A.B. asks: 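The following block contains the structure, expressed as structure tokens.
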Amino acid sequence: MLIHMMDELRERLGRTRRVMTPWSDDGTRGVTGASLDELLDRWANGYDWGVHERRIGELPWVTVPAGGTELHVIHQRSGDPDAPVVVLLHGWPDSVLRFERVLPLLTDMHVVVPALPGFPFAAPLTTPGMSLNRIAGIVADALHELGYPRYTVSGGDVGGTVAEILAAGHPDRVAALHLTDISPRHALTADPAKLAPDAAAYLGRAAQWFRTEGGYIAEQSTRPNTLAVALGDSPAGLAGWIVEKLQAWSGESAFTPDELLTWVTAYWVTGTIGTSFATYTEPAAIPDRIETPTVLSVFPHDIKPAPRSYAEAFLNVRDYVEHRAGGHFAAWEQPQTYAGDVLRAVKLGK
């Protein structure tokens with residue numbers, strides 16, 4: 001079946017209708033026509049998904065009943081039964097692949113990497129209601145099923161918001177947090193008059209980012225059905241939508257062409273681009289403040305790096321670590337650095 005799917009993909013790519021605009025050469029207006037053409041040609045001629053599928057399949061996957069569904073997780077056990085437990089939560093538009101390069105650096109811990117519901121490699125999502133809050137509950141249930149009463153949670157983007165909700169709802173279980181960003185949902189209720197001057201100024205910068213770069217959020221959160229058809233039926237459209245973000249939100253040369261294609265193909269073969277919009281579409285509630293000890297890693301090429309004063313308005317920030325390289329997908333871009341900050345958080349939780 002997979003061979004047939006990949007043959008169909010190549011056939012679709014061979015019939016791609018090139019869509020040109022007056023801005024096709026302007027990288028500030030999205031992925032350029034030339035770079036997309038080059039990537040699509042590689043996807044159709046030479047890229048071998050089977051190699052990557054086998055590598056992904058060889059990861060230590062388990063399926064855990066949780067929250068009325070099944071959660072597929074990578075469960076990398078330490079040889080020490082009493083080793084600390086770390087939970088790694090990915091975001092959008094990626095998957096568990098965000099953490100592939102970190103896993104070999106955390107072998108002295110029990111590591112759990114859930115494929116979040118609606119995303120690649122997760123159980124199929126067929127009903128509404130998969131909010132960030134429900135996902136946090138499912139992750140908590142899965143960790144209970146795995147026999148882990150206490151753990152450190154690390155994540156960013158969607159995974160970071162899930163981590164905050166999980167910590168607030170289960171302070172007895174979450175020993176520490178490691179985050180690469182602050183949930184953007186805090187900005188919806190933050191009162192600038194109650195923030196430090198640089199934190200209030202950050203709200204303005206974040207608002208400007210949403211106006212100039214956040215169009216995808218508006219579409220994914222309000223018209224997921226329409227967008228799912230456009231991207232789920234067109235491999236060129238899917239690649240353009242995802243690759244733009246992977247490249248724009250990361251440091252220079254963070255991905256080779258085949259790495260970009262692997263992250264995109266994960267969405268194509270699992271048919272999950274539409275269901276990955278659930279965390280944007282479903283209403284969610286986030287606590288005003290989380291008291292769990294937190295390490296915040298700040299990477300210069302991330303989309304909205306927040307000052308410490310802003311983070312401290314919502315989180316119990318014990319360590320604020322600014323790095324010289326890396327972006328939104330820091331676990332992939334700077335795995336050694338990321339793993340080091342995870343260790344900082346683990347020590348906080350002891």
Side-chain angles (χ1 to χ4, degrees), residues 1 4-6 8-9 11-13 15-19 21 29-31 36 40 43 67-72 89-97 114-139 157-159 161-162 165 183-185 188 209-246 248-249 260-261 263-286 303 328:
M1 182 175 178
H4 171 73
M5 181 179 292
M6 296 308 295
E8 182 202 34
L9 171 61
E11 191 270 335
R12 283 173 176 260
L13 289 167
R15 292 188 291 108
T16 297
R17 179 184 182 185
R18 278 359 186 224
V19 180
T21 74
R29 299 291 182 177
V31 63
L36 184 59
L40 296 181
W43 208 3
T69 186
E70 290 184 338
L71 192 66
H72 297 172
L89 301 177
H90 66 80
W92 186 92
D94 54 283
S95 66
V96 297
L97 300 182
L116 298 182
F119 286 83
F121 315 116
L125 180 58
T126 58
T127 57
M130 191 56 74
S131 66
L132 291 160
N133 300 85
R134 187 180 174 202
I135 291 174
I138 290 170
V139 171
D157 195 87
V158 168
T161 301
V162 172
I165 295 170
S183 173
R185 292 174 180 262
L188 300 176
W209 184 91
F210 279 107
R211 285 191 294 270
T212 59
E213 303 289 342
Y216 74 98
I217 298 173
E219 186 71 14
Q220 291 179 181
S221 62
T222 63
R223 299 295 184 269
N225 291 346
T226 306
L227 188 58
V229 174
L231 304 182
D233 189 56
S234 168
L238 181 68
W241 194 258
I242 292 179
V243 167
E244 174 205 314
K245 279 73 174 175
L246 297 183
W249 298 351
L260 290 172
L261 289 172
W263 285 32
V264 174
T265 306
Y267 276 89
W268 181 262
V269 299
T270 58
T272 51
I273 189 60
T275 54
S276 74
F277 301 156
T279 55
Y280 292 84
T281 302
E282 301 288 357
I286 188 166
I303 54 179
H328 195 63

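For the numbers below, each heavy atom of this structure counts, side chains included, while hydrogens, waters and symmetry mates do not. For clarity, every value in this text was computed on a predicted model and none was experimentally measured.
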A.B. asks: Quick one: list whatever passes side-chain hydrogen bond (donor to acceptor under 3.5 Å, both in side chains) with His90, sequence neighbours left out.
C.D. replies: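 Counting only residues at least two positions away or on another chain, His90 forms no side-chain hydrogen bond (donor to acceptor under 3.5 Å, both in side chains).
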A.B. asks: What pairs with Ile286 under side chain to side chain contact (heavy atoms under 4.5 Å, CB included), at least two apart in sequence or on another chain?
C.D. replies: Thr161, Glu164, Ile165, Ser183, Arg185, His186
A.B. asks: Can you give me the closest heavy-atom contact between Phe119 and Gly91, atom names plus distance?
C.D. replies: CE2-O, 3.5 Å
A.B. asks: Applying side chain to side chain contact (heavy atoms under 4.5 Å, CB included), can you list everything that pairs with Thr272, at least two apart in sequence or on another chain?
C.D. replies: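 Testing Thr272 for side chain to side chain contact (heavy atoms under 4.5 Å, CB included), a comparison that skips the adjacent residues, returns Pro120, Tyr267, Thr270, Thr275.
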A.B. asks: My understanding is that only residues two or more places apart in sequence, or in another chain, count here; which of them pass side chain to side chain contact (heavy atoms under 4.5 Å, CB included) with Thr21?
C.D. replies: Trp23, Ser24
A.B. asks: Scan the side chains in residues 234-242 for donor-acceptor partners under 3.5 Å anywhere in the protein, sequence neighbours excluded, and list what turns up.
C.D. replies:
| from | atom 1 | to | atom 2 | distance (Å) |
| --- | --- | --- | --- | --- |
| Ser234 | OG | Gly237 | N | 2.9 |
| Trp241 | NE1 | Gln220 | OE1 | 3.0 |

A.B. asks: Compare all side-chain heavy atoms of Val264 with those of Val243 and state whether any distance is below 4.5 angstrom.
C.D. replies: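 Val264 vs Val243: side chains touch.
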A.B. asks: Of the non-hydrogen atoms in Leu125 and Gly118, which two are nearest, and what is the gap between them?
C.D. replies: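 Looks like CD2-CA, 3.8 Å.
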A.B. asks: Does the side chain of Asp94 reach to within under 4.5 Å of the side chain of Lys245, using non-hydrogen atoms?
C.D. replies: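 The answer is no; the side chains never approach within 4.5 Å.
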A.B. asks: Any donor-acceptor pair under 3.5 Å linking the side chain of His328 with the backbone of Ile303?
C.D. replies: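 No, His328 side chain to Ile303 backbone: no donor-acceptor pair under 3.5 Å.
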A.B. asks: Thr279: what forms a side-chain hydrogen bond (donor to acceptor under 3.5 Å, both in side chains) with it, not counting sequence neighbours?
C.D. replies: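 Checked Thr279 against side-chain hydrogen bond (donor to acceptor under 3.5 Å, both in side chains); zero matches.
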A.B. asks: Could you list the residues that satisfy ring-ring contact (aromatic ring centres under 6.0 Å, His included) with Tyr216, not counting sequence neighbours?
C.D. replies: Trp92, Trp249
A.B. asks: What pairs of residues pass the salt bridge (Lys or Arg N to Asp or Glu O under 4.0 Å) test when at least one of them lies in residues 233-243, not counting sequence neighbours?
C.D. replies: Arg12-Asp233
A.B. asks: If we ignore hydrogens and angles and just use 3.5 Å, is the side chain of Ser276 paired with the main-chain N or O of Ile273 as donor and acceptor?
C.D. replies: yes
A.B. asks: What's the spacing between Phe121 CZ and Leu97 CG if we round to 0.5 Å?
C.D. replies: 4.5 Å
A.B. asks: Under the salt bridge (Lys or Arg N to Asp or Glu O under 4.0 Å) rule, what pairs show up with a residue in residues 212-229, not counting sequence neighbours?
C.D. replies: none
A.B. asks: Taking only residues two or more places apart in sequence, or in another chain, which ones meet Trp263 in a ring-ring contact (aromatic ring centres under 6.0 Å, His included)?
C.D. replies: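 Trp263 satisfies ring-ring contact (aromatic ring centres under 6.0 Å, His included) with Phe255, Phe329, Trp332 once adjacent residues are dropped.
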A.B. asks: To the nearest 0.5 Å, what is the distance between CZ (Phe277) and CG (Asn225)?
C.D. replies: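 So the gap between those two atoms works out to 10.0 Å.
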A.B. asks: Show every donor-acceptor pair shorter than 3.5 Å between a side-chain atom in residues 129-138 and any protein atom, with sequence neighbours excluded, or say none if there are none.
C.D. replies:
| from | atom 1 | to | atom 2 | distance (Å) |
| --- | --- | --- | --- | --- |
| Ser131 | OG | Asn133 | N | 3.4 |
| Ser131 | OG | Arg134 | N | 3.1 |
| Asn133 | OD1 | Ala285 | N | 2.9 |
| Asn133 | ND2 | Ala285 | O | 2.7 |
| Arg134 | NH2 | Gly67 | O | 3.4 |

A.B. asks: I'd like to check the salt bridge (charged side-chain N to carboxylate O under 4.0 Å, His left out) partners of Arg18; sequence neighbours left out, ordered by chain and number.
C.D. replies: Asp37
